[in-house]
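Proteins come first, then strands; the chains are lettered A, B, ... in the order of their sequence lines, and each starts at number 1.
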Amino acid sequence: MSDWETVIGLEIHAQLATRSKIFSGASTAFGAPPNTQACAVDLGLPGVLPVLNREAVNMALRFGVAIEAEIAESSVFARKNYFYPDLPKGYQISQFELPIVGPGHVYITLDDGERKEIGITRAHLEEDAGKSMHDLFPEQSGIDLNRAGTPLLEIVSEPDMRSAQEAVAYARKIHSLVRYLEICDGNMQEGSFRCDANVSVRRRGESELGTRTELKNINSFRFLERAINFEIERQVDLIEDGGRVVQETRLYDAERDETRSMRSKEEANDYRYFPDPDLLPVAITADDLERTRASLPELPEQKKQRYIDELGLSDYNAELLTASRDTALFFEAALAAAPGQCAPLANWILGDLGGALNKAGLEINASPISPEALAQLVERIADDTISGKIAKEVFEAMWQGEGGADEIIEARGLRQITDSGAIETIIDAVIEANPEQVEQFRAGKEKVLGFFVGQVMKQTQGKANPGQVNALLRDKLK
Amino acid sequence: MARSLTQIRADLDAGRYSSVEISQEYLDLIERHNPALNCFISITPELALKQARAADERIAAGDAGPLTGIPLAHKDLFCTDGVRTSCASAMLDNFIAPYDATVVERLRDAGTVMLGKTNMDEFAMGSSNENSHYGSVTNPWDSTRVPGGSSGGSAAAVAAGLTPAATGTDTGGSIRQPAALCGVTGIKPTYGRVSRYGMIAYASSLDQGGPFARSAADCALLLQAMAGFDSRDSTSAEQAVPDFGAGLEGGIAGRKIGLPREYFAEGLDYRVAAVIDEAIAELRKLGAEIVDVSLPNTALAIPVYYVIAMAECSSNLSRFDGVRFGHRCEDPVDLEDLYKRSRAEGFGAEVQRRIMIGTYALSAGYYDAYYLKAQQLRRMIKDDFQQVFAQVDFILGPTTPEVAFKIGAKTDDPVSMYLQDIYTISLNLAGLPGMSLPAGFVDGLPVGMQLIGNYFDETGLLRVAHAYQQQSDWHLREPGLVT
């Protein structure tokens, strides 16, 4: 396999989060009954005309600026002509020769921590088609045009990726970016973020690209990785057996974990692109760009760097915290409530909270523990009200909805015991009850200290301040 | 004697008759004479009388505008809410439009009364109104001859006195050419002046809607209501609409009118040329200065037009696929069968021809040689006009190379049919406004002269036409067909 090099490019269709469609005023809200959100323009009725939704342009600009791309001063909408029942006009309004966003780039972090630049060839605006349902009616297909006319930003990468992992890292990066920019909700299950992969192989050292296939019907990052890996293996096996890769579109079957040829007539399409005479070219001025730049939120790259430089977080933690905008904002809100607790908050969010969320299948926005509540918990550890260990118990209770940290500490009597007198009394009792272990310790067995600590903790239901216990024990065992 | 809009307005305001009465009169005429002329595809008496009653109330309340209560007909290319909109095609025989075109909405809001939808060449593709699913329209001046196209029904209806006004559309001459062949006045405004929303598209970068009537003054009234920016049409011009009526008077003394030598060359019937020469003399008498000019790329206009128009229409007509509305074939066996049979059955021969040629012109390997090239040449044609308008205010010539030809004379020779548009086609490519008005007769058949203006100078065109019409009566002649 290492004789072979893989070349991967991704085409991502991100549904833009405008309230209405790209060329009509109909709503883009997900989940409405079929054909209730398709107006005359979306239906392609005789005589209707498209009118551009400027918000879609603004969102495309935000993306273009965020990837440091060249932005076209004037871009043109073109008709992509083909026949299919979910394409009412018999053509899709897209962009061809003059897209709104030109070449740009993003950076991905590989598993070994290395940073790699992935080029983006272009990003353009187009309208989505409707949905075809082939299983709802016997011997007929149902067409739902609610989706027809929803704005899409098609993001085309350079064929810069060399493995499925790199492809997934890139896809995640774009996913994170569009959510940061608030231009797309990134919901792959609902189809608002679609990844198609172009995969080809070539022998190491060859400069020419192999024939590529296009993989579709991938609706999670896990499937993206699997589909690409399956396809790489399939192509290598095919070529090694003397065959040739056919340029085609293949669908990923998640159940069988394989790709299958689509073999549809659509393959042979000549789209006969020409500029749409119903729409004017999109003009972008220097002012538009300035305003867009000024309106951008802090982007993941900048945020990560700030976490490292100003908050002293590790590269690893900063990367994880900024991967998702929601996580970063949660962290920042908690930090605002407990300034100075960067590292502990990072650990709690990435550790205990992250784990609990994963287990419950929740997004951080649905966390039962608010950033402020978590901040309070961390402060109570910092001010010695409770120990780190007890904090885990408190966290559990908070997760179950028993209230805030202070309430739970009070209700369950979990305050740390810091009164040296009280601890000493218990230590004396424990020492007296375990003469053998005292001998062992005095003989040089350090590990036995743990036994004594354990006993003291048992006596205090874990509430004794561990630091004090340790210090006082050593003192008394001398 | 056919009434002008100005006359009807005066009569309505004076209470000489009501809108209901005058509309009923036209409806009766249509019922009697449409079978022979075939200018109407749909007649809408109930709707008309309902609108007429509403108009009469406004008139009684002293609330009438210039067009309140005036009957008219719409070319069956304009979507009319609740009324069949067929584009003279089997494909849309069953299509009841669910909304009004902007043009229809504005004329309705101005108080007009819709008598019905007029016949046309299918999907606006033709120059003789012989390409209609509902049969040809005959010329009211000679029933063995064509009225012109594609707005043949509208032109013939106005000429025959079945309606005092009608709307049409013009992509390569489809208002001007039938106006000329039927002896009525018609204007194609500047591209962008009239909204295309609801005007079923043939060639999007060329189509414009405009009025037919018996005079420039009447056309001014109609254009006033039709024109103006529409946010539903992205190609609609944000140009203020002047008061066209106020601009009519004032004469044309000192105005420069150019005569392109290419419009008076071979191919022009010498008798038509003679009629135009007399009209030119008349304009000289009115004070206009006549200048010889040249539009060197005139000959290119026809191939350039047809490549562009056919390419655009091949895409515009893709939506007629039997899926959501319109004709669907019976018992389709699969998707491809559904498409192929529905479209083969729904579209007439000329429409199919243009779709195929347009598809070819846009296809891989040919796009650069045909479509792209045509758009580049289009700029040259546009520049020709701009050079001439630096020297003159208007351009004048014959609207058509010959008078109305016999039905069937050109149906076997599509190219010969296309050449009918030689004088009209260029200005669609350039987006300029143009008018045709009656200038005389040859063997009892009307001759039209064409005036071309610079961008958004419909006012100028109407003024020249009006000045001419004050000194001549060609526009008042009637075929005497209808009583």
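Using a 4.5 Å cut-off on side-chain heavy atoms (C-beta onward), Val323(B) and Tyr339(B) make contact. At least one side-chain heavy atom of Val57(A) sits less than 4.5 Å from a side-chain heavy atom of Arg54(A). Residues Thr18(A) and Met59(A) are in side-chain contact: their nearest non-hydrogen atoms beyond the backbone lie under 4.5 Å apart.
Between Lys216(A) and Asp196(A) a salt bridge is recorded (basic side-chain N to carboxylate O distance below 4.0 Å).
Of the two parts of Phe83(A), the backbone and the side chain both hold a non-hydrogen atom closer than 4.5 Å to a non-hydrogen atom of chain B. The contact between Asp233(B) and chain A is made by backbone and side chain atoms together, counting heavy-atom distances below 4.5 Å. Using a 4.5 Å cut-off between heavy atoms, Ala364(B) contacts chain A through both its backbone and its side chain. Of the two parts of Phe320(B), only the side chain, counted from C-beta on, holds a non-hydrogen atom closer than 4.5 Å to a non-hydrogen atom of chain A. Proximity to chain A is limited to the side chain of Phe95(B), based on heavy atoms less than 4.5 angstrom apart. Interface remark: Leu45(A) contributes backbone and side-chain atoms alike to the contact with chain B (heavy atom separation under 4.5 Å).
In terms of non-hydrogen atom pairs under 4.5 Å with chain A, the most contact-rich of Ala201(B), Ala203(B), Gly198(B), Ser205(B) is Gly198(B). In terms of heavy-atom pairs under 4.5 angstrom with chain A, the leader among Ser318(B), Cys87(B), Ser231(B) is Ser318(B). Interface remark: of the candidates Tyr366(B), Tyr371(B), Phe78(B), Tyr371(B) forms the most heavy-atom pairs closer than 4.5 Å to chain A. Comparing Ser141(A), Gly90(A), Pro88(A) by how many heavy-atom pairs each has under 4.5 Å with chain B, the most go to Pro88(A). Contact count against chain B (heavy-atom pairs under 4.5 Å) is highest for Pro46(A) among Pro46(A), Pro275(A), Ala40(A). Contacts with chain A were tallied for Thr85(B), Leu92(B), Asn316(B); Asn316(B) has the most, counting heavy-atom pairs under 4.5 Å. Here Thr359(B) is the residue among Leu372(B), Thr359(B), Leu77(B), Leu206(B) with the most heavy-atom pairs under 4.5 Å with chain A. Of the residues considered (Leu145(A), Leu87(A), Ile143(A), Val51(A)), Val51(A) shows the highest number of contacts with chain B, using heavy-atom pairs under 4.5 Å.
Contacts classified as salt bridge (charged side-chain N to carboxylate O under 4.0 Å, His left out) and involving residues 271-286 of chain A (residues at least two apart or in different chains) are given here: Arg79(A)-Asp276(A), Arg79(A)-Asp278(A), Asp278(A)-Arg196(B).
Ring centroid separation for the pair Tyr367(B) and Phe274(A) does not come in under the 6.0 Å cut-off.
When only modelled atom types and interatomic distance are considered, Glu126(A) and Ser94(A) share a side-chain donor-acceptor pair under 3.5 Å.
Annotation: Arg379(B), atom CZ; neighbour count of heavy atoms from other residues, nucleotides and ligands within 6.0 Å does not exceed 12.
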Before giving the answer on salt bridge (Lys or Arg N to Asp or Glu O under 4.0 Å), spell out for Arg106(B) and Asp109(B) the whole-Å C-alpha distance, their side-chain angles and the decisive distance to 0.1 Å. CA-CA 5 Å; Arg106(B) 290 190 177 173; Asp109(B) 288 346; over 6 Å; no
